Engineer: 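I am attaching a structure below and will ask some questions about it afterwards.
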Amino acid sequence: MDTAIVTTKGQVVIPAKLRRKLGIKQGTRIVFEEKNSTIVMRPITAAYIKSFQGILKTKSGEKPVTQELVEEHAAEVARGEAELEECGI
């Protein structure tokens, strides 16, 4: 287990072997999450981004999420227009 000390600026040095293993280089962005009083750090690397590939794909016969949102918005607009007409506006 490696340890590090937090500086007065809140900075921490990630051990070199972890940087090499995870592909963290100068300029790599890191995502921080808090889970059960623990800090989880994840580098945003090409592998991390690729892990999200296909996450929004739809199954056969399903509508894309964006299409559902457009249809919901159109229905809301139509309801709003109908209410305005009822009020004589």
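Note that this is a predicted model, so its numbers are computed, not measured.
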Engineer: Can you check side-chain contact (heavy atoms from CB on, under 4.5 Å) on V40 and F32, steps first, answer last?
Structural biologist: CA-CA 6 Å; V40 178; F32 294 90; over 6 Å; no
Engineer: Just wondering, are more than 12 heavy atoms of other shown residues or ligands nearer than 6.0 Å to CG in L84?
Structural biologist: yes
Engineer: Are L18 and I39 in one and the same hydrophobic cluster, where Ile, Leu, Val, Met, Phe, Trp and Tyr link if side-chain heavy atoms are under 4.5 Å apart?
Structural biologist: yes
Engineer: Give me the one residue out of V12, V31, I14 that meets side-chain contact (heavy atoms from CB on, under 4.5 Å) with M41.
Structural biologist: I14
Engineer: Restricting to non-hydrogen atoms, name the atom on P15 and the atom on D2 that form the minimum distance, rounded to 0.1 Å.
Structural biologist: CG-CB, 3.5 Å
Engineer: Only distances under 3.5 Å count here; give the side-chain donor-acceptor pairs of residues 65-72 to other protein atoms, sequence neighbours excluded, each with its distance to 0.1 Å.
Structural biologist:
residue	atom	partner	partner atom	Å
Q67	NE2	E71	OE2	3.1
E71	OE1	K63	NZ	2.7

Engineer: Just to verify, what does E33 make a side-chain hydrogen bond (donor to acceptor under 3.5 Å, both in side chains) with, not counting sequence neighbours?
Structural biologist: R42
Engineer: List the steps and the verdict of side-chain contact (heavy atoms from CB on, under 4.5 Å) for I44 and I49.
Structural biologist: CA-CA 7 Å; I44 302 177; I49 292 169; 4.0 Å; yes
Engineer: With rounding to the nearest 0.5 angstrom, report the CZ to NZ distance, R20 to K17.
Structural biologist: 9.5 Å
Engineer: Write down the atom of T28, the atom of P43, and the distance for their closest heavy-atom approach.
Structural biologist: CG2-CB, 4.0 Å
